[in-house]
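All remarks here apply to the structure that follows.
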Number of protein chains: 2
Amino acid sequence: MLLFQEIRNYILTLLQQDEIATGSKLPSERALQEHFNSTRITVREALIRLEAEGLIYSQKRKGWFVTPHKLKWHPATKVNFYELAKQQGFTAQTRLVSVNKIDNINFTDIFSAQSLYHLQRVRSLDNRAVMFEDIFCDAQRFDGLNKHSLNSSITEIMAKQYATNVVKEQSIISVTVLPDNVCEMLEKNSGTPCLKVVRQRFDEQQKLVDHNIEYWLHNAIEMIVEGQ
Amino acid sequence: MLLFQEIRNYILTLLQQDEIATGSKLPSERALQEHFNSTRITVREALIRLEAEGLIYSQKRKGWFVTPHKLKWHPATKVNFYELAKQQGFTAQTRLVSVNKIDNINFTDIFSAQSLYHLQRVRSLDNRAVMFEDIFCDAQRFDGLNKHSLNSSITEIMAKQYATNVVKEQSIISVTVLPDNVCEMLEKNSGTPCLKVVRQRFDEQQKLVDHNIEYWLHNAIEMIVEGQ
DNA sequence: CAGTGGTCTAGACCACGAT
DNA sequence: TCGTGGTCTAGACCACTGG
């Protein structure tokens, strides 16, 4: 058995024997190195592997921690993030990072709008930042959106304040790593794997309501898709 | 800028300038090391990063290659793998690895069956193995399944030979790494990231038809989910 | 057989976090 | 200030691939 695999298995038994509670810190890299009479490179090999498996995660320069349960998420249904989190025993938070009005240059092919609102938000579960999103929508159509409280459901604001109902959506889901600016927001190391979701939502007239890009930590989420 | 980031960017420009065709080999690690007057560890840091981003992939002891286009896949619709691949310009293959009749011990909670068929298959796009799947179904219900050609659509065989139609399905999708036995099948290194899909399909009587576990190379697939 | 990738050692320096 | 994680050097051995 390879050395880094042995170290991986050793840490795994620590997790399984509940010697390290969910969310708490692993022994330091140098402590593990000493325990196995090895080097930090090899220890990190094992840690990075466990991170890829989704069992542990690192927080920039703070250490390695045990991954909490994953949020089960249904991308194809109109679910409220808070509702969903609550049902599964999490406390959810949303933090608005920025709101800007921008010229529509990037999405001219899909938005006919002249200018767009661009929101950035971070979502957390039990105070752990797990998702970053960019939201784009027509600034004329949703004029004054920036005056509403954007820390909760945008869908609700669009429905109640702008009589806009989403009736259809399409999500494109892929696996990649967090862009560096997102890493900073989520306090993650550059290179952290993630699930990228590009979602477009449409109203009754088949008109594009918003265009969102979500980056989910890969070990914080599990998607459930029902078909037929 | 960090050294491994510079190496990453350098390789990226090679890809973007089409100096390396899709599917072909990158310069060797030692060549890159020399080019940057660095060490293999640092070069591998850059390569592993690009792999996590989905832009390149490694084949065990053969080298690093440029990732082809991703297959766009709709997990919530009854699509035929071959059809889908063909539409997108790929040639698809399916290889049956094994068929076994086993006692139902692992799935007693979901299958009422005494014994199960267990199939293992590998699916490829343009001769690149991109997916491994375990399929479980009731051995009494599909008695003699092993006598059919299992290199094509199981759904079709169930419909035509056993009058069984799938009307509902649920998929649970998560990001993890390939189990080691799957790595061997797909000729990948241990630790390769993947998309894991656990799918259950049901007939008109809401009875479970089959239970599948699919492992997709994360850089070979992009999922599209439509909602509402 | 030469060259490659996979694994590993034994150090080092720095920026940042905790205290 | 001390310990931590993030990055990096300069080697090494082995198993395997491809010619």
Side-chain angles (χ1 to χ4, degrees), chain A residues 1-11 20 23-52 56-66 127-129 177-178 180 183-193, chain B residues 1-11 20 23-52 56-66 127-129 177-178 180 183-193:
Chain A
M1 165 102 58
L2 297 174
L3 181 50
F4 86 84
Q5 293 278 21
E6 278 181 38
I7 300 176
R8 172 197 168 275
N9 293 343
Y10 168 76
I11 299 172
I20 309 172
S24 69
K25 202 165 176 297
L26 294 179
S28 81
E29 295 180 3
R30 284 173 178 84
L32 290 166
Q33 160 187 352
E34 203 160 336
H35 186 283
F36 283 94
N37 223 322
S38 176
T39 60
R40 270 185 67 213
I41 296 259
T42 305
V43 167
R44 283 176 64 81
E45 188 82 23
L47 292 166
I48 288 166
R49 172 66 54 93
L50 283 163
E51 181 180 50
I56 65 174
Y57 66 97
S58 69
Q59 232 174 339
K60 204 166 182 172
R61 291 187 187 282
K62 286 181 186 164
W64 296 87
F65 302 85
V66 185
N127 290 312
R128 174 185 175 220
V177 303
L178 296 176
D180 280 354
C183 284
E184 279 175 39
M185 291 292 179
L186 302 184
E187 288 181 76
K188 304 300 291 184
N189 298 326
S190 164
T192 300
Chain B
M1 165 105 56
L2 297 173
L3 182 50
F4 85 85
Q5 293 277 22
E6 278 180 36
I7 300 177
R8 171 197 168 275
N9 293 343
Y10 169 76
I11 299 172
I20 308 173
S24 70
K25 203 164 175 297
L26 295 178
S28 81
E29 295 179 2
R30 284 174 177 85
L32 289 165
Q33 160 187 351
E34 202 159 336
H35 186 282
F36 283 94
N37 223 321
S38 175
T39 61
R40 270 185 68 213
I41 296 257
T42 306
V43 167
R44 285 176 64 81
E45 188 82 23
L47 292 167
I48 288 167
R49 171 65 55 92
L50 283 163
E51 181 179 49
I56 66 174
Y57 66 97
S58 69
Q59 234 173 338
K60 204 165 183 173
R61 291 188 186 284
K62 285 180 186 162
W64 296 86
F65 302 85
V66 185
N127 290 311
R128 174 185 175 217
V177 303
L178 296 176
D180 279 353
C183 285
E184 281 175 39
M185 291 292 179
L186 302 184
E187 288 181 77
K188 303 302 291 183
N189 298 326
S190 165
T192 301

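Reminder, nothing fancy here: chain letters follow the sequence lines and each chain counts from 1.
Proximity of A/N189 to the phosphate of D/dG6: a side-chain N or O atom is located under 4.0 Å from OP1 or OP2. Side-chain nitrogen and oxygen atoms of B/S58 include none within less than 4.0 Å of the OP1 or OP2 phosphate oxygen of C/dG5. Side-chain N/O atoms of B/R44 include one lying less than 4.0 angstrom from OP1 or OP2 on C/dG6.
Atom OH of B/Y57 and atom C1' of C/dG5 are 16 Å apart (whole Å). A straight line from CD1 of A/I7 to C1' of C/dT7 spans 12 Å, rounded to a whole angstrom. If you take CE of B/M1 and C1' of D/dC8, they are 17 Å apart, rounded to a whole angstrom. Between the C1' atom of C/dG5 and the CD1 atom of B/I56 lies a distance of 13 Å, rounded to the nearest Å. The distance between atom CG of A/L2 and atom P of D/dC16, rounded to the nearest whole Å, is 12 Å. A/E34 places its CD atom 14 Å from the P atom of C/dT9, with the value rounded to the nearest Å. Between B/E187 atom CD and C/dG5 atom P the separation is 16 Å, expressed in whole Å. For the pair B/E45 CD and C/dG6 C1', the interatomic distance rounds to 15 Å; values are reported in whole Å.
Applying the side-chain hydrogen bond (donor to acceptor under 3.5 Å, both in side chains) criterion to B/E187, with sequence neighbours excluded, gives B/K62.
Along DNA chain C, the nucleotide closest to A/F4 and the one closest to B/W64 are compared, and the more 5′ of them pairs with B/W64.
Between the B/K188 side chain and the B/S58 main chain, a donor and an acceptor come within less than 3.5 Å of each other. Within the 3.5 Å criterion, the main-chain N or O of B/S190 finds a donor-acceptor partner in the side chain of A/R49.
If you check the side chains of B/W64 and B/E29, you find a donor sitting under 3.5 Å from an acceptor.
In the set C/dG5, D/dT4, C/dT9, the nucleotide with an atom closest to the side chain of A/K25 is D/dT4.
Cation-pi check for A/R128 over A/Y57 is met; the charged atom lies under 6.0 angstrom from the ring centroid and within 45 degrees of its normal.
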Exercise. Tell me, for nucleotides 10-19 of chain C in 5' to 3' order, what letter each nucleotide earns: B for a base near a protein heavy atom under 4.0 Å, S for only sugar-phosphate near one, - for neither?
Worked result: B-B--BSS--
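Residues B/L32 and B/Y10 come closest through the heavy atom pair CD2-CE2, 4.1 Å.
Remark: A/E6 CD is packed, more than 12 non-hydrogen atoms of other residues, nucleotides or ligands lying under 6.0 Å away.
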